[in-house]
Amino acid sequence: MTKRVFIKTYGCQMNVYDSARMAELVAPIGYAPSETATGADLVILNTCHIREKAAEKVFSELGGIRRLKDAMEKRGERMIVAVAGCVAQAEGAEIMRRAPFVDMVFGPQSYHRLPEMVARATRAAGTGILETSFPAEAKFDYLPEPASKSNVSALLTIQEGCDKFCTFCVVPYTRGAEFSRPAAQVIAEARQLVAGGAREITVLGQNVNAYHGEAPDSGEWGLGELLRALTRIPGLQRLRYTTSHPRDVDDALIAAHRDLTQLMPFLHLPVQSGSDRVLAAMNRRHSADDYRRTVQKLREARPDLAFSSDFIVGYPGESDLDFRATLDLVAEIGFAQAYSFKYSPRPATPASAEKQLPEPVKNERLGALQGLLRKQQRAFNDAAVGTTMSVLFERPGRHAGQLVGRSPWLHPVHADAGPERIGEVVLVRIVGVRSNSLTGVVDGVRVAAQ
Ligand code: 5AD
Ligand code: SF4
């Protein structure tokens, strides 16, 4: 009988990629995907540690999983429970202590050993497996080829870990030192994704534009060179990358934005703060003016480029004046979209030892920033009405006869179209704006690029 695996993913797109690979790893040992934890033989929580709230969710979710596991055991069945991802990496021993019914805990660098761990857990119930080392072998060399069928818009991790050590961030501790996959390996995986139906690929990394992978001939490629090579794959119509660091936007990357029509004109470029004092305290290694200059250069290279960003408010020591500088920067740049967070102290990070700002101050600043960002997002979406944009249709919409796709600027776009158009890039005239998406009418003309 086929067994069932349920994987719940928290956090970033890198976790989404990892979860897909975990599903592929356990398929050959007999596990088919399940939409729910109820009745699943293997449950994997792929967790995120970036902010406190994200980490807390894991322990509350585990409460529910425990009840399901107990219920199965009463029926004489077995549920293997695994905690994976960044909470596992950072708090593995704590999870084992607080939730002893968890069978295995493994970090983002060891999940290629999943089949072996599942086999061990099946043999020896009740003995927890903790696998949070940073193994010497490169995980990517041990992962299976991607499944034969891909999503229209596929994810591909090309870089992992981070050496930047921003003072607020757990990533250097949970994902480890920076590692770039060899370019040939990335290109091979991209080809397989396209062969499986992908028309858009988003290359991923914690610090994706720090990419410096072994080149196919000799030497190293940066992200600019890699993107250029990926555009030569027939059938790959769109490329994106995330998440990038302002410090690592080099000339080759700017040239890629100028030259590559497949590279979509939307860039997530986190700035965190508009205050030089706070940026220095955060160890971001760039000033607000450096960021302005980088944005300007990118806009010169690709005038329709839209920007998205991440912000942290209430970082230790942030004054009213510092916060005002963030609002000024936002007003000046004009973001299509952005994420903003209250500073959340993370274990073992330098900023967590600093004196914290009062919660009401954090709340007030977050409200003010989000108000401004919302206004900018609305203006950006409103400006789309009346224009015609290329949309890559990804899947059926909520209503019959409707498809949902993405514009070059990542707007979700709903339009009436037959299912045969999934995977096609189609010109759509935008006629309306909803809270988080656009509605449009198919123009009927297919375009080759974008
Ligand atoms: N507190 C609040 N936000 C954080 N981020 C990372 N660490 C923290 C933290 N300790 C935010 C940053 C980053 C995004 C992924 O999460 O803005 O860019
Ligand atoms: Fe974290 Fe990004 Fe800074 Fe690296 S560059 S430490 S991933 S915020």
Side-chain angles (χ1 to χ4, degrees), residues 9-17 47-57 85-87 89-91 108-109 157-180 204-212 223 241-249 267-275 278-286 288 290-291 294 307-318 323 326 329-330 335 337-357 359 361-363 365-366 369-370 373:
T9 311
Y10 301 82
C12 65
Q13 285 173 300
M14 309 221 15
N15 270 10
V16 177
Y17 175 89
T47 62
C48 170
H49 202 235
I50 196 87
R51 285 170 295 276
E52 197 179 352
K53 260 196 200 148
E56 273 171 9
K57 279 188 199 151
C86 294
V87 178
Q89 187 64 42
E91 298 185 29
Q109 303 310 329
T157 294
I158 64 167
Q159 179 277 342
E160 261 192 297
C162 185
D163 293 342
K164 292 273 189 306
F165 290 93
C166 299
T167 53
F168 52 82
C169 186
V170 284
V171 164
Y173 311 95
T174 56
R175 290 270 173 171
E178 203 177 296
F179 169 78
S180 295
L204 301 177
Q206 256 92 34
N207 202 339
V208 74
N209 58 336
Y211 178 83
H212 55 103
L223 182 61
Y241 63 90
T242 201
T243 288
S244 41
H245 192 291
R247 273 272 303 210
D248 295 321
V249 177
L267 180 55
H268 183 60
L269 193 62
V271 64
Q272 316 296 355
S273 168
S275 152
V278 173
L279 287 169
M282 287 175 165
N283 191 31
R284 291 291 289 178
R285 306 187 227 181
H286 67 80
D290 292 335
Y291 187 83
T294 301
F307 288 87
S308 139
S309 200
D310 289 341
F311 295 91
I312 295 177
V313 300
Y315 184 81
E318 183 190 65
F323 177 61
T326 300
L329 182 77
V330 172
F335 291 96
Q337 189 237 317
Y339 303 95
S340 41
F341 313 99
K342 289 188 278 185
Y343 171 70
S344 160
R346 306 309 297 127
T349 57
S352 64
E354 303 285 328
K355 185 167 180 292
Q356 304 298 313
L357 289 192
E359 204 55 24
V361 172
K362 290 186 185 177
N363 287 333
R365 290 182 186 165
L366 187 67
L369 177 61
Q370 290 188 335
L373 290 168

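As the structure lists them, so they are numbered: ligands from 1, and atoms in each ligand from 1.
For the pair Arg285 and Asp163, the tightest heavy-atom approach, listed with the atom from each and the gap, is NH2-O, 3.6 Å.
For Tyr173 and Phe165, the ring centers sit closer than 6.0 Å to each other. Ring to ring, Phe311 and Phe335 are close: their centroids are under 6.0 angstrom apart.
Here is the list of ligand 2 atoms found below 4.0 Å of a heavy atom in His245: 5 (S). Annotation for ligand 2: atoms under 4.0 Å from non-hydrogen atoms of Arg284 are 3 (Fe), 8 (S). Against a heavy-atom cut-off of under 4.0 Å, Arg346 is close to the following atoms of ligand 1: 10 (N). Taking a cut-off of under 4.0 Å to the non-hydrogen atoms of Phe165, the atoms of ligand 2 that pass are 6 (S). The contact set between ligand 2 and Lys164, taken as ligand atoms under 4.0 Å from a residue heavy atom, comprises 4 (Fe), 5 (S). Contact atoms of ligand 2 toward Pro172: 6 (S) (distance under 4.0 Å to a heavy atom of the residue). The distance from ligand 1 to the heavy atoms of Lys342 drops below 4.0 Å at these ligand atoms: 1 (N), 2 (C). Set against the non-hydrogen atoms of Gln272, the atoms of ligand 1 under 4.0 Å away are 12 (C), 13 (C), 17 (O), 18 (O).
Considering backbone and side-chain atoms alike, Tyr343 places every N or O at 3.5 Å or more from each N or O of ligand 1. Remark: ligand 1 and Pro345 share no N or O pair separated by less than 3.5 Å (distance only, no angle test).
Every heavy atom of Glu52 sits 4.0 Å or more from the atoms of ligand 1.
Contact annotation: the side chain of Ser244 approaches that of Leu267 to within less than 4.5 Å [non-hydrogen atoms, C-beta and beyond]. Pro347 places none of its side-chain heavy atoms less than 4.5 Å from the side chain of Ser352. The shortest side-chain heavy-atom distance between Phe323 and Leu369 falls under the 4.5 Å cut-off. Taking the side chain as every heavy atom from C-beta outward, Ser344 and Ile50 never approach each other to under 4.5 Å. Between Leu223 and Ile158, the closest side-chain pair of non-hydrogen atoms falls below 4.5 Å.
Checking His49, Arg51, Met282 against atom 5 (N) of ligand 1, the nearest heavy atom belongs to Arg51. Considering each of Ala351, Ser273, Ser344, Cys166, the one bringing a non-hydrogen atom nearest atom 10 (N) of ligand 1 is Ser344.
Between the side chains of Ser340 and Gln370, at least one donor N or O sits under 3.5 Å from an acceptor N or O. Looking at Lys342 and Asn363, their side chains do bring a donor and an acceptor atom within 3.5 Å of each other. Side-chain contact check for His212 and Gln159: no donor-acceptor pair (N or O, by modelled atom type) lies under 3.5 Å.
Ranking protein heavy atoms by distance to atom 7 (N) of ligand 1, first place goes to Phe168 CD1, 3.3 Å. When hydrogens are left out, the protein atom nearest atom 18 (O) of ligand 1 is Asp310 OD2, 2.6 Å; that is the closest non-hydrogen contact. Nearest protein heavy-atom neighbour of atom 4 (C) of ligand 1: Ile312 CD1, 3.6 Å. Among protein heavy atoms, the minimum distance from atom 1 (Fe) of ligand 2 is reached at Cys169 SG, 2.3 Å. What sits closest to atom 4 (Fe) of ligand 2 on the protein, heavy atoms only, is Cys162 SG, 2.2 Å.
Both the sub-6.0 Å distance and the 45° axial angle are not jointly satisfied by Arg346 relative to the ring of Phe168.
Atoms CG and OG1, from Leu269 and Thr294 in turn, are 7.0 Å apart once rounded to the nearest 0.5 Å.
Of all the heavy atoms of Phe168, the ones lying under 4.0 Å from any atom of ligand 2 belong exclusively to the side chain. When non-hydrogen atoms are compared, ligand 1 lies under 4.0 Å from the backbone of Ile50 as well as from its side chain. Contacts of Cys166 with ligand 2, taken as heavy-atom pairs under 4.0 Å, involve both backbone and side chain. Residue contacts with ligand 1, taken as heavy atom pairs separated by less than 4.0 Å, involve Phe341 solely via side-chain atoms from C-beta onward. Within the 4.0 Å heavy-atom criterion, neither part of Pro270 lies near ligand 2.
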Step-by-step ring-ring contact (aromatic ring centres under 6.0 Å, His included) determination, Tyr343 to Tyr315: CA-CA 5 Å; Tyr343 171 70; Tyr315 184 81; 5.5 Å; yes

